[in-house]
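Here's the structure we're looking at; comments come further down.
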Amino acid sequence: MKNSLETINSRRDKILELLHQHEALTIDELSEQTQVSAMTIRRDCKQLVAMGEVEQKRGVISIVHRNVKTNLSDPHDKIKEALAKAAADHVKDSHFISINSSTTALKVLKYLHDPRTIVQTNNANVVNFPNADLYSIILCGGELTPEHILVGQVATNSFSNVQADLAIIGCAGLNINDGITTPIFHEADVNRAIIKHCQRLIVVADYSKIGNTSNFKIGEIDDIDILITDTFAPDEELNKILRHGVEVVQIPM
């Protein structure tokens, strides 16, 4: 089973490599270059479409490109919506919750039920977010980045002076050796304060974050109460996380 899974993953990696090289290829072209049947390629591409990695139009397969600065055309947006909806189910009535700059964490606001919920965040994009006016929103203050994220000592102190019922955060990487990581130095201290000053911590992370790592550590695996991810996340990594006592919730896609 393990060898079979490795073969499938290796083949799908090869498909993505070819598409990065050629921008777009037909099913038959991919079949020829990978030397497997068109039926197998079609099945692999169907899975890659569900994962948000490629798109298919009239038999032509192409890579989904993401605009990192504006976060437009996020290939994982459908997955993030599902993770956010699942995370919202853990927010109890009148909860005080902290969320970080994560786009997935911010989406949780779309699925909250109790107007008495209080949300503290360093993500100033919340101001224009749908449903934000239904809840009490506290912006932490601090230095505003071009991405409309609040950072610096003022932001860190703001989270350090509260004890949230629940924190919901996203991350760039999550594995046993490196813990919870982010690529953004200026946000690292704020994230550490959020993690330290909450009664329960939920991490929302799609499959692309599981087993990976980034530049700055913000927390340990043991800090996490619940990890919400999708069914594309690698089982080997999830089993390691489970052994640390983390509740792992996988959302089918």
Side-chain angles (χ1 to χ4, degrees), residues 51-52 71 74 76-92 95-112 117 119-123 126 140 149 156 159 162-184 187-253:
M51 294 170 73
N71 206 41
D74 186 339
H76 301 149
D77 193 61
K78 183 179 178 181
I79 297 175
K80 290 181 176 184
E81 288 285 347
L83 303 189
K85 186 175 182 180
D89 289 338
H90 292 272
V91 179
K92 306 301 181 185
H95 252 177
F96 185 111
I97 66 173
S98 294
I99 64 175
N100 69 349
S101 62
S102 159
T103 55
T104 308
L106 187 61
K107 290 177 184 293
V108 170
L109 269 66
K110 295 169 64 174
Y111 303 104
L112 295 177
T117 303
V119 181
Q120 182 172 15
T121 183
N122 67 324
N123 193 337
V126 71
C140 63
I149 306 302
T156 301
F159 286 104
V162 301
Q163 189 69 21
D165 297 306
L166 179 69
I168 302 173
I169 68 168
C171 62
L174 183 67
N175 68 44
I176 293 300
N177 294 327
D178 301 316
I180 313 166
T181 53
T182 178
I184 307 172
E187 294 184 31
D189 279 343
V190 177
N191 284 318
R192 293 184 190 112
I194 292 174
I195 291 171
K196 185 176 180 180
H197 296 277
C198 69
Q199 294 182 31
R200 301 188 77 211
L201 176 65
I202 293 177
V203 173
V204 284
D206 66 60
Y207 70 91
S208 66
K209 317 294 174 53
I210 308 300
N212 289 322
T213 189
S214 194
N215 308 97
F216 304 102
K217 186 173 186 175
I218 60 174
E220 304 284 356
I221 294 296
D222 292 341
D223 291 324
I224 305 171
D225 292 289
I226 303 172
L227 168 63
I228 299 178
T229 187
D230 52 78
T231 47
F232 301 129
D235 288 338
E236 184 177 355
E237 292 296 331
L238 293 181
N239 287 333
K240 294 177 184 177
I241 293 170
L242 278 166
R243 286 196 287 271
H244 278 250
V246 178
E247 179 184 346
V248 175
V249 178
Q250 286 186 272
I251 307 302
M253 299 304 301

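These values consider heavy atoms only, across backbone and side chains, with no hydrogens, waters or symmetry-generated copies.
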Which atom pair, heavy atoms only, marks the closest approach of [X] to [Y]?
| X | Y | result |
| --- | --- | --- |
| A105 | I168 | CB-O, 3.5 Å |
| I194 | S98 | CG2-CB, 4.0 Å |
| A84 | K107 | CB-CB, 3.5 Å |
| T121 | I99 | OG1-O, 3.1 Å |

Do [X] and [Y] have side chains that approach each other closer than 4.5 Å (heavy atoms only, starting at C-beta)?
| X | Y | answer |
| --- | --- | --- |
| I210 | L227 | yes |
| I224 | I241 | no |
| I169 | S102 | no |
| H244 | E220 | no |
| N123 | N100 | no |
| F159 | R192 | no |
| S214 | T182 | no |

*Checking salt bridge (Lys or Arg N to Asp or Glu O under 4.0 Å) for the pair K80/D77: CA distance, chi angles, key distance, verdict?*
CA-CA 5 Å; K80 290 181 176 184; D77 193 61; over 6 Å; no

Is there a donor-acceptor pair closer than 3.5 Å between any side-chain N or O of [X] and the backbone N or O of [Y]?
| X | Y | result |
| --- | --- | --- |
| D230 | Y207 | yes |
| T181 | T213 | no |
| D165 | F96 | yes |
| R200 | A164 | no |
| D225 | L201 | yes |

*Could you pull out all residues at least two apart from F216 that satisfy ring pair (Phe, Tyr, Trp, His ring centres under 6.0 Å)?*
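Once residues adjacent in sequence are excluded, the partners of F216 under the ring pair (Phe, Tyr, Trp, His ring centres under 6.0 Å) criterion are F185.
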
Give, for atom [atom1] of [X] and atom [atom2] of [Y], the distance between the pair rounded to the nearest 0.5 Å.
| X | Y | atom1 | atom2 | value |
| --- | --- | --- | --- | --- |
| E187 | I218 | CD | CD1 | 9.0 Å |
| Q199 | I97 | CD | CD1 | 13.5 Å |
| T229 | I79 | OG1 | CD1 | 8.0 Å |
| I195 | I180 | CD1 | CD1 | 4.0 Å |
| I228 | Q250 | CD1 | CD | 11.5 Å |
| T156 | H197 | OG1 | NE2 | 10.0 Å |

*Donor-acceptor side-chain pairing of S208 and D206 below 3.5 angstrom*: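 S208 vs D206: donor-acceptor pair found between side chains.
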
*Can you check salt bridge (Lys or Arg N to Asp or Glu O under 4.0 Å) on E237 and K240, steps first, answer last?*
CA-CA 5 Å; E237 292 296 331; K240 294 177 184 177; 3.8 Å; yes

*Taking atom NZ of K217 as the centre, does the number of heavy atoms from other residues, nucleotides or ligands within less than 6.0 Å exceed 12?*
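Correct, the count exceeds 12.
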
